[in-house]
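Scroll down for the structure; my scribbles are underneath it.
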Amino acid sequence: MLYSLEIKIDSLWIKVISNEEEIEKLSLLSENFFIEEGSPKKRRVPYWLRRLEGDLRNYFSGQRVDFGKYPLKIANYSVFSQKVWREVKKIPYGEVRSYKWIGKKLNTRGYRAIGRVLSLNPFPLLIPCHRVVKKNGSLGGFSQGEEIKKRLLEIEGVFCEGGIN
DNA sequence: GTGTACCATAATA
DNA sequence: TATTATGGTACAC
C-alpha cells in the first residue's frame, strides 16, 4: 500500500510518497511545473506522515526543523549513493558544506560523482542537498532549479559569500 | 575565463 | 562486457 501526501506552500508543490513505515520519494516542484490541476488531494495517510506536513509548513515559515527523524527508503540505491546521502543528512540546519568536504569524508576525489548522486536525490529537503554548495561560495546546481536552492538557504539564514571550507 | 584530473552512472556499441 | 558521454566539482593556470 502506498500513500501520497500533497501539500501546497505558497508557490511550491510538495508531493510525498510513502509506504507503511518509510518515505519512498519526495518531489519539490515550482507551481509552473506541476502538471495536475486543482488543489492538493486529501487522503488518509499514516500518522507519522501527517506530522511531516506540519514540519514542512513550519520549515517554510522559518522555524528550525530537523527532518532527520523520518525514515527514508534508500536501501535499494547504490552503496556510493547511500554513503553520500548519509553524510549529507548530517549537515545541520543553517550550515553548508562543499562537495569537496563530502569527498573527504568518503575518501574520494570524485567531486562530480558526488554532485551527480545529489542530483538524483529522491528526498530533497529531507536529505538536505541544498546545503551542499561550491567551495568558492557560489551555489552550484540544484536539480529542482537553482531558485529553489537559493530560497531554501535564505530560509535557513545562510549566506556563503567568500567561500567555505 | 580555459584545461584537466576526478569518479559514479547511464547510454551505447 | 567494454567504451564513451555526462555531470549540482576543484584547482592550476
Side-chain angles (χ1 to χ4, degrees), chain A residues 2 5-19 22-35 52 55-56 58-60 62-165:
Chain A
L2 287 181
L5 176 69
E6 292 176 22
I7 313 166
K8 188 172 187 297
I9 301 177
D10 26 78
S11 64
L12 235 46
W13 283 85
I14 301 172
K15 184 170 181 175
V16 189
I17 308 288
S18 89
N19 57 36
E22 288 174 314
I23 297 172
E24 298 203 356
K25 186 168 168 51
L26 183 149
S27 332
L28 192 59
L29 302 156
S30 290
E31 194 164 26
N32 348 354
F33 296 116
F34 200 77
I35 304 123
L52 174 62
D55 270 352
L56 286 168
N58 289 339
Y59 176 85
F60 280 98
Q63 293 184 44
R64 185 184 179 116
V65 175
D66 174 21
F67 293 113
K69 60 193 167 188
Y70 292 99
L72 308 178
K73 185 175 178 182
I74 60 170
N76 46 327
Y77 293 92
S78 74
V79 174
F80 181 79
S81 300
Q82 293 187 43
K83 279 190 195 163
V84 171
W85 293 335
R86 262 203 295 276
E87 215 48 62
V88 171
K89 251 185 104 170
K90 292 182 193 164
I91 305 172
Y93 183 98
E95 296 184 26
V96 290
R97 302 284 186 270
S98 65
Y99 295 89
K100 183 177 186 178
W101 187 91
I102 308 289
K104 214 169 179 178
K105 287 278 184 184
L106 299 186
N107 207 16
T108 176
R109 268 167 290 171
Y111 315 122
R112 306 189 72 176
I114 293 171
R116 189 166 209 294
V117 163
L118 289 182
S119 77
L120 299 174
N121 177 12
F123 312 99
L125 273 181
L126 308 184
I127 295 175
C129 56
H130 58 281
R131 297 183 191 139
V132 185
V133 300
K134 284 213 205 184
K135 199 157 187 294
N136 65 12
S138 64
L139 285 192
F142 195 61
S143 54
Q144 287 79 15
E146 219 179 290
E147 276 308 304
I148 297 183
K149 183 170 188 173
K150 192 169 152 197
R151 184 166 158 204
L152 296 178
L153 290 173
E154 276 171 10
I155 287 174
E156 299 189 14
V158 176
F159 302 94
C160 41
E161 305 121 27
I164 60 158
N165 57 340

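Here is the naming used below: chain letters follow the sequence lines, and residue numbers restart at 1 for every chain.
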| field | Base versus backbone protein contacts along nucleotides 7-13 of chain C [heavy-atom cut-off under 4.0 Å; B, S, -] | value | BBBSS--

Can you name the salt bridge (charged side-chain N to carboxylate O under 4.0 Å, His left out) partners of [X], sequence neighbours left out?
X	value
A/R109	none
A/K150	none
A/E95	A/R97
A/D66	none

| task | Take the protein atom CG of A/N107 and the nucleotide atom P of B/dC7, then report the distance between them rounded to whole Å. | result |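 Taking atom P of B/dC7 as the reference, CG of A/N107 is at 10 Å.
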
Return all side-chain donor-acceptor pairs below 3.5 angstrom for residues 111-120 of chain A, not counting sequence neighbours, or 'none' if the list is empty.
{"unit_1": "A/S119", "atom_1": "OG", "unit_2": "A/R116", "atom_2": "O", "d": "2.6"}

| field | Residues A/E147, A/S11; criterion side-chain contact (heavy atoms from CB on, under 4.5 Å); working and verdict | value | CA-CA 12 Å; A/E147 276 308 304; A/S11 64; over 6 Å; no

| A/T108: side chain to side chain donor-acceptor pair (under 3.5 Å) partners, not counting sequence neighbours |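 Side chain to side chain donor-acceptor pair (under 3.5 Å) list for A/T108, sorted by chain: empty.
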
| request: Please name all residues satisfying ring pair (Phe, Tyr, Trp, His ring centres under 6.0 Å) with A/F67, sequence neighbours left out, ordered by chain then number. | output: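 By the ring pair (Phe, Tyr, Trp, His ring centres under 6.0 Å) rule, A/F67 matches A/Y59.
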
| query | Which range-with-range stems can be found for DNA chain B when each stem has 3 or more Watson-Crick or G-U pairs in a row and both distances sit under 3.5 Å? | reply |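 Ordered by first number, the stems with DNA chain B (at least 3 consecutive pairs each) read B:1-5 with C:9-13, B:7-13 with C:1-7.
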
